[in-house]
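Reckoned from all heavy atoms, side chains included, excluding hydrogens, waters and symmetry mates.
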Amino acid sequence: MTTTYTSPAELEDAVTVLRKTFGSGKTKSMTWRKWQMKQMWWMIDDNQERFTAALAQDLNRSQFEAYAGDISGVRANILESLEHVDEWAADEKPKSGFVFGTLSKTRIKKEPLGVALIVGAWNFPIALLLEPAIAAIAAGCCVLMKPSEMAAATQDLLVELVPKYLDPDAIRIASGGPSEMTRILNYRFDHIFFTGSGKIAKFITEAAAKYLTPTVLELGGQGPAIVTAKANVDLAAKRIAWAKFLNAGQICLSVNHTFVDSAVYDEFVERVGFWFDSFLSGEGEQQMTKIISQRNFARLEKLLEGTSGKITYSGKSPNDISIGKFNPTVVANVTMQDSLLSEELFGPILPVIKADYRTAVGIINSMDHPLGLYIFSDSKKEVDEIIQSTLSGGVTVNDTLLHFIVPDTPFGGVGDSGVGYYHGGYGFKCFTHLRTVVAPPTCLEKIMEFRYAPYTPSDVSRMLIKNTLGFKKGETMTDQEPRFASISAVKDVVLKTAKIVAVTTAITASLAVFDGFRGGRSRVTDYFEFVYSSVRCKFDVKRVKL
């Protein structure tokens, strides 16, 4: 275990070097970005056994969960970023019209924000530090990484390996506890990416506010599951039990509590206990992740002692604070006033609340927006109604956690569950400044002279924006209902149709000439019939309705 953390002098040197390096423009090089991501790949690849051993020491994490939760995600992010970084970083040409778009060559450049601070979390101490770092490197930022001191073995390994594999002029790592973290936050950064609790996030944002530093906060909250009367109850129980077993429920996205319809309540409670029993069979009990600290263990015990609910499942052997072993626990007949609902559990306790899905939605909307919402129902109508009536960071239907791993989608919270997004191209964007560049030609000066004082009435008339969409005063709410496509959509269809007609007419004329030379029967009529059918299909009124 680390005996000394990053000293004030080492921290000062790190920030100074990172600022100097970013100022040099070194990290804007696409060659540098790709090379660093490949070096990170080799850092993971060369030391996989050491990383899994560190995770086992910190969390008793099995090799399977080490790969599933940390290592594989980092590797996948590196490959995705290497494959797409040129595309993500390329200038965009907005649809800015002839003057600004064509003549003035307007473009949107993707610029790195600068020196980024990335603060990781202990529950996935590799992935939640390195995945944001990959995004920052892909965007061309310099990076100061701060791993969680609570996962000490993993922290120590990262402190050892990062300087050996990654460019120390542009990527540094700092270790420490609360006092070191406070010292780090006294420095000005160009971006802060934090994963952790809402409580600590408030200190992060307070420090960031001194310099108006933009932040991305990946937090959590009391993520609910809803099991309706129309759900596959056994499958719901199995997948919710898995979410609580995985990393011993120490996941910001984990199911915190479950609302179950009274029609299937008893069956669900019985089946979730059955699946916990199944997961703990054989080597399963030894493979379950431990609670990270005795402090967190005692917190879970206190919450469980205060419950008014009925414990229906509590594992196969007693809990053991000395080794952090806390069994999956099911608590039935829980109300919203119960101790177990007083805070985010972040552990393997599952409170089960009896409620139909509409009652559940009302309760969910009275609480902070969760990072994840899990809906179990075979009724599309029910699922759509729940999604439409709630707000959460993401939603997984008839499963848990999976919206976190879907490629090419944003991951992040809303309200108290977080601010900002990452993963793939969205991660690149969160470390990127979109910079508009326009270069109007000097030959436009004559037609742009109206902008100079003194102004005339005709100059003022140039500033009036006309209603080109055709809506009228006196319209009612009913008039806003979808009828036909917008004018621009119709124009788009007409232009595409005109192009089809022009091309097909030219082809038809060529065919007629060719048939004439051959002396055979012309197929032009057949061809026109084919073209007419194609155009009619393309311009079908039903297809341009909103």
Geometric class of the Phe297/Phe326 ring pair [parallel <30°, tilted 30-60°, perpendicular >60°]: perpendicular
Phe276 vs Lys244 side-chain heavy atoms within contact, under 4.5 Å: yes
Distance-only donor-acceptor check, side chains Glu149 and Tyr5, under 3.5 Å: no
Residue pair Val334 / Val352, side-chain heavy-atom distance below 4.5 Å: no
Verdict with supporting geometry, Leu161 and Phe51, side-chain contact (heavy atoms from CB on, under 4.5 Å): CA-CA 11 Å; Leu161 296 177; Phe51 277 116; 3.8 Å; yes
Polar side-chain atom of Tyr265 near backbone of Asn333 as donor-acceptor pair, under 3.5 Å: yes
Charged N-O contact under 4.0 Å between Arg75 and Asp45: yes
Steps toward side-chain hydrogen bond (donor to acceptor under 3.5 Å, both in side chains) verdict (Ser417, His369): CA-CA 6 Å; Ser417 60; His369 301 311; over 6 Å; no
Side-chain donor-acceptor pair present, Asp338, Thr307, cut-off under 3.5 Å: yes
Beyond-backbone contact of Thr400 with Ile240, side-chain heavy atoms, under 4.5 angstrom: yes
Nearest atoms (heavy-atom pairs only) where Leu219 meets Gly198: CD1-CA, 4.2 Å
Taking every non-hydrogen atom, the tightest pair across Met37 and Ile134: SD-CG2, 4.0 Å
Contact check, side chains of Val15 and Arg188, non-hydrogen atoms, under 4.5 Å: no
Salt-bridge criterion met for Asp190 and Arg19 (N-O under 4.0 Å): yes
Side-chain donor/acceptor of Glu180 to backbone N/O of Gly177, under 3.5 Å: yes
Side-chain heavy atoms of Val119 within contact of Met181, under 4.5 Å: yes
Distance-minimising heavy-atom pair for Ala116 and Phe189: C-CD2, 4.4 Å
From CA spacing to verdict: side-chain contact (heavy atoms from CB on, under 4.5 Å), Leu304, Val331: CA-CA 9 Å; Leu304 196 56; Val331 186; 3.9 Å; yes
Salt bridge present between Asp234 and Arg271 (N-O < 4.0 angstrom): yes
Main-chain N/O of Val17 paired with Thr21 side-chain donor or acceptor, under 3.5 Å: yes
Partner of Tyr374 under side chain to side chain contact (heavy atoms under 4.5 Å, CB included), chosen from Val397, Thr396, Asp399: Thr396
Lys380 and Asp378: CA distance, side-chain angles, deciding distance, salt bridge (Lys or Arg N to Asp or Glu O under 4.0 Å) verdict: CA-CA 6 Å; Lys380 183 179 183 300; Asp378 289 338; over 6 Å; no
No-hydrogen, no-angle side-chain donor-acceptor test under 3.5 Å, Glu65 and Ser62: no
N/O donor-acceptor pair under 3.5 Å between Asn256 side chain and Leu345 backbone: yes
Ion pair Glu385/Arg358, N-O distance below 4.0 Å: yes
Non-hydrogen atoms of Phe259 and Ile364 that approach each other most closely: CE1-CG1, 3.9 Å
Contact summary for Ala138 and Val85, nearest pair of heavy atoms: O-CG2, 3.5 Å
Intermediate values then yes/no, side-chain contact (heavy atoms from CB on, under 4.5 Å), Leu82 and Ile78: CA-CA 6 Å; Leu82 284 170; Ile78 292 171; 3.8 Å; yes
Any Tyr187 side-chain heavy atom under 4.5 Å of Glu12 side chain: yes
Donor-acceptor contact present, side-chain Ser175 to main-chain Ile173, <3.5 Å: no
Flag side-chain contact, heavy atom, 4.5 Å: Leu246 against Leu401: yes
is_close_aromatic(Trp122, Phe346), centroid dist under 6.0 Å: yes
SB check Glu343 Lys199 (cutoff 4.0 Å): no
Pair Tyr421-Thr409, side-chain contact (heavy atoms from CB on, under 4.5 Å): steps then yes or no: CA-CA 9 Å; Tyr421 308 93; Thr409 59; over 6 Å; no
Shortest non-hydrogen contact between Ala174 and Thr6, atoms and distance: CA-OG1, 3.3 Å
Sidechain-backbone polar pair: Lys146 side chain, Gly176 backbone, donor-acceptor under 3.5 Å: yes
Mutual orientation of the aromatic rings belonging to His191 and Phe431 [parallel < 30°, tilted 30-60°, perpendicular > 60°]: tilted
Side-chain heavy atoms of Met40 within contact of Ser81, under 4.5 Å: no
